[in-house]
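The structure under discussion appears below in the form of structure tokens.
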Amino acid sequence: MAKTTKPTIGTYIDPLTDFAFKKLFGSEPNKDLLIDFLNGVFRGRKHIVDLVYNKNEHPGETVNEGGAIFDLTCTGNDGEQFIIEVQRGKQGNFKQRAIFYTSRLITEQAPKGKRSEWAYNVKEVYLIALLEDFSLDAGNEQEFLHDICLSNRETGKVFYEGLGYIFIELIKFVKTEAELDTDLDKWLYVLKNMSSMDKIPVYLRKPIFEKLFNIAEYSNLTKEEKTMYDTSLKRKWDNKAVLDYAVNEAAKEAAKEAKQEEKMEIAREMKKDGISVEQIAKFTKLSIEKIEKL
């Protein structure tokens with residue numbers, strides 16, 4: 001299997017590991033970090049004042065019905081609900097899974113009785129997904145943020161604002177320090193690069209980021225937390241090694257198939273020119289049986 005260079009543990013933890021993401025954003029004392037990040041994500045369209053953390057596991061209504069487990073779920077001050085996910089590798093039916101997740105939160109809002117009084121007063125539901133190592137293949141090569149809602153296909157007019165999907169392709173976020181214009185830019189730069197920094201940069205010297213860097217400092221973790229982080233980091237890089245190996249093998253197989261197809265095309269042209277099967281086989285290294293079938 002191809003080897004992936006594993007990083008040494010630096011001054012700050014990698015916020016995109018399972019342990020670190022929940023450590024930094026998933027507890028009541030640190031909810032101001034998550035609020036600031038989400039406000040950056042919504043870019044003024046929404047302003048979140050407060051959050052309440054919810055359960056992460058949402059079982060199905062029956063034994064045979066699949067449930068859902070999220071990285072983080074929380075409720076805003078107006079009752080809107082947020083799912084925040086870090087997705088490290090591409091999965092089959094990713095978009096369908098996102099829809100399943102949000103539909104779970106919508107259906108759970110329905111009361112068991114008195115639905116007529118409830119009158120389908122559905123609160124807003126949003127899924128925010130940080131995609132670390134893959135792209136949605138959704139258009140512009142440089143477009144790293146996809147803000148999606150229900151809209152009219154013909155006019156583009158928004159049909160319903162209260163269900164949204166925000167996918168952030170970190171692999172496409174390549175801004176340099178000098179190009180960080182918005183709060184979201186700064187958050188994404190930190191999420192991608194903090195584990196390789198040895199101190200907080202001057203341009204991030206504001207209370208919210210100072211708190212983030214202080215919590216993320218490896219030396220500030222307890223012994224138990226260090227063990228949990230080390231395990232989480234190893235799992236992340238082991239998974240990356242497996243993914244890199246699969247990608248490399250797929251690339252080799254594709255190159256091999258392309259070479260084979262090139263030989264087949266040459267053989268076809270040689271047959272058209274009346275060259276004998278034996279000579280074609282000697283030149284292309286293809287079997288006589290394959291050449292005869294062309």
Side-chain angles (χ1 to χ4, degrees), residues 1-8 10 12-22 24-25 33-34 37-38 40-43 70-72 82-99 101 126-148 164-197 201 203-204 209 212 216 229 232-255:
M1 181 177 291
K3 291 183 179 179
T4 299
T5 303
K6 295 185 180 182
T8 56
Y12 302 104
I13 59 180
D14 180 352
L16 296 175
T17 59
D18 290 327
F19 167 80
F21 189 73
K22 292 181 175 68
L24 297 173
F25 297 106
L33 300 178
L34 183 58
F37 170 66
L38 289 177
V41 167
F42 282 102
R43 297 163 293 155
F70 312 132
D71 284 345
L72 292 177
F82 305 94
I83 301 169
I84 303 97
E85 286 276 300
V86 177
Q87 186 67 46
R88 291 165 192 87
K90 195 164 189 175
Q91 294 186 0
N93 297 325
F94 174 71
K95 296 175 186 177
Q96 292 89 331
R97 188 163 62 90
I99 292 168
Y101 279 6
Y126 299 94
L127 183 144
I128 297 95
L130 292 160
L131 314 182
E132 186 177 6
D133 290 322
F134 73 98
S135 169
L136 284 176
D137 301 321
N140 192 323
E141 284 298 315
Q142 278 137 17
E143 185 182 354
F144 62 85
L145 188 143
H146 306 276
D147 194 344
I148 300 160
Y165 304 88
I166 300 175
F167 301 113
I168 301 172
E169 300 178 15
L170 291 173
I171 199 170
K172 290 183 181 178
F173 182 80
V174 294
K175 289 189 177 184
T176 63
E177 294 179 8
E179 297 171 320
L180 305 180
D181 296 322
T182 66
D183 287 340
L184 179 59
D185 286 346
K186 293 174 182 176
W187 270 110
L188 298 184
Y189 188 85
V190 166
L191 290 174
K192 283 195 73 170
N193 298 292
M194 185 166 69
S195 62
S196 61
M197 297 177 181
Y203 57 87
L204 292 176
F209 287 116
L212 176 77
Y229 172 67
S232 184
L233 185 64
K234 182 180 184 302
R235 186 184 307 118
K236 173 181 175 176
W237 284 89
D238 284 349
N239 290 341
K240 181 170 174 54
V242 171
L243 177 62
D244 288 347
Y245 176 76
V247 169
N248 289 335
E249 288 301 300
K252 287 178 185 177
E253 188 62 29

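Fair warning: this is a prediction, and the values are worked out from it, not measured in the lab.
Rounding to the nearest 0.5 Å gives a distance of 6.0 Å between CZ of Phe21 and CG of Asp71. Of the inter-residue distances, the one linking Leu212 atom CG with Met194 atom CE reads 4.5 Å to the nearest 0.5 angstrom. Rounding to the nearest 0.5 angstrom, the gap separating the CG atom in Leu127 from the CZ atom in Phe82 is 11.5 Å. From Phe167, atom CZ reaches atom CG of Leu145 across 11.0 Å, with rounding to the nearest 0.5 Å. Interatomic distance, CZ of Phe209 versus CG of Leu33, reported as 9.0 Å (0.5 Å rounding). Between the CG atom in Leu130 and the CD atom in Glu169 there is a gap of 11.5 Å [rounded to 0.5 Å].
Within the 4.5 Å cutoff, no side-chain heavy atoms of Val41 are placed close to those of Trp187. Within the 4.5 Å cutoff, the side chain of Leu180 has no heavy atoms near those of the Leu204 side chain. Inter-residue side-chain proximity for Phe144 and Leu188 is flagged as met; some heavy-atom pair is nearer than 4.5 Å.
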For the pair Phe25 and Ile84, evaluate side chain to side chain contact (heavy atoms under 4.5 Å, CB included) and give the outcome as yes or no after the intermediate values. CA-CA 10 Å; Phe25 297 106; Ile84 303 97; over 6 Å; no

Stepwise side chain to side chain contact (heavy atoms under 4.5 Å, CB included) test for Leu136 and His146
CA-CA 9 Å; Leu136 284 176; His146 306 276; 3.9 Å; yes

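In this structure a side-chain-to-backbone donor-acceptor pair under 3.5 Å is missing from Tyr189 to Phe173. A donor-acceptor contact shorter than 3.5 Å is absent between the side chain of Arg97 and the backbone of Lys95. No donor-acceptor distance shorter than 3.5 angstrom exists from the side chain of Asp14 to the backbone of Ser195, with no hydrogens or angles considered. With hydrogens and angles ignored, the 3.5 Å screen pairs no side-chain donor or acceptor of Gln87 with any backbone N or O of Ala129.
Checked against salt bridge (charged side-chain N to carboxylate O under 4.0 Å, His left out), Asp18 has the following partners two or more places apart in sequence or in another chain: Arg88, Arg235. The salt bridge (charged side-chain N to carboxylate O under 4.0 Å, His left out) test applied to Asp185 returns Lys175, not counting sequence neighbours.
Here the closest non-hydrogen pair linking Tyr203 and Met197 is OH-CE, 4.4 Å. Across every non-hydrogen atom of Ile99 and Tyr165, the tightest pair is CA-OH, 3.6 Å. Considering every non-hydrogen atom in both Glu132 and Lys236, the closest pair reads OE2-NZ, 2.7 Å. The shortest non-hydrogen separation linking Leu191 to Pro15 is O-CG, 3.5 Å.
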